[in-house]
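Each remark here refers to the structure printed beneath this line.
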Amino acid sequence: MAKKTKRPAEQKWERFAREYMIDHNATRAYKAAGYQPKNDRVAEACASRLLSSDKVQALIAEFSREVAEKLELKTEDVLREAMRIAFCDPRRLFDERGRLLHPTRWPDEIAAAVASVEVVEESAGRGGERELVCYSKKVKLWDKNSALEKLFKHLGLFEKDNAQKTDPMKALLEFVQERGRGLPVRG
């Protein structure tokens, strides 16, 4: 059976979805897909409506799977990186005397949590008589709370927490109803 030819609208949806995959900017993707809005406000509104379409969402999901397969991107790898950030122990960046280890000596799970390293040298003197007085090293780690939040979401812990919370008014009404059924009242 021959492959079905796509209608022009479907071709634009596909172009929009592919463009959206580049930077997740729906307005830019809308224009790049060949739509010609009157102005940016119209483009934004139309792009938002197009983005909420089930067909476009299915295309984006399909393209996301294709990209993940090409990159050999696996959920386990992403979660492992989030765990490295969430559970990083910065004490492991230093030796027993409190000196910062050279980055080549950092354990992989600690190095993955490092966002940047900055070395600042301070000198004194002028010209050829300048000499290094001191230098400082600053290590910035990725946001631990953000990593933990992502792990919480992945594990569904927020939903479990929300399910445990009760509405106080609902609990009071249930109590009054139970009392009205002739159950013994303490006190």
Rounded distance [0.5 Å steps], [atom1] in [X] versus [atom2] in [Y]:
X	Y	atom1	atom2	value
Cys88	Ile85	SG	CD1	9.0 Å
Arg18	Leu59	CZ	CG	8.5 Å
Leu51	Arg49	CG	CZ	12.0 Å
Glu118	Ser136	CD	OG	7.0 Å
Glu96	Arg99	CD	CZ	7.0 Å
Phe16	Tyr35	CZ	OH	8.0 Å

If you take all heavy atoms of [X] and [Y], which pair is closest and at what distance?
X	Y	answer
Ala43	Lys31	CB-CE, 3.9 Å
Ser123	Leu132	OG-CA, 4.2 Å
Asn39	Val42	OD1-N, 2.8 Å
Lys137	Val119	CG-CG2, 4.1 Å

[X] vs [Y] side-chain heavy atoms within contact, under 4.5 Å:
X	Y	answer
Tyr135	Val120	no
Met21	Ile60	yes
Lys150	Leu79	no
Val139	Leu93	yes
Leu157	Leu151	no

Over 12 non-hydrogen atoms of neighbours within 6.0 angstrom of [atom1] in [X]:
X	atom1	value
Asp54	CG	no
Glu44	CD	no
Lys55	NZ	no

Margin query: Side-chain heavy atoms nearer than 4.5 Å, only ILVMFWY residues, links allowed to pass through others: does that put Phe94 and Val117 together?
Written below: yes

Next item on the list: Answer with yes or no whether the hydrophobic clustering places Val56 together with Phe63; edges join I, L, V, M, F, W, Y residues whose side-chain heavy atoms lie under 4.5 Å apart.
Entry: yes

Check: Can you tell me if Lys140 uses its side chain to pair, donor with acceptor, with the backbone of Ser116 under 3.5 Å?
Finding: no

Note to self: Please check: side-chain N/O of Trp106 versus main-chain N/O of Leu101, any donor-acceptor pairing under 3.5 Å?
What the structure shows: yes

Salt bridge present between [X] and [Y] (N-O < 4.0 angstrom):
X	Y	result
Arg105	Asp95	no
Arg92	Asp89	no
Arg28	Glu19	yes
Arg84	Glu81	yes

Next item on the list: Evaluate the salt bridge (charged side-chain N to carboxylate O under 4.0 Å, His left out) criterion for residues Arg80 and Glu76: first the C-alpha distance (whole Å), next the side-chain angles of each, then the deciding distance (0.1 Å), finally the verdict.
Entry: CA-CA 6 Å; Arg80 186 175 302 103; Glu76 295 84 14; over 6 Å; no

Margin query: What verdict does the side chain to side chain contact (heavy atoms under 4.5 Å, CB included) test give for Tyr20 and Asn25, after you've listed the backbone C-alpha separation in whole Å, the side-chain angles of each residue and the deciding distance to 0.1 Å?
Written below: CA-CA 6 Å; Tyr20 181 76; Asn25 182 328; over 6 Å; no

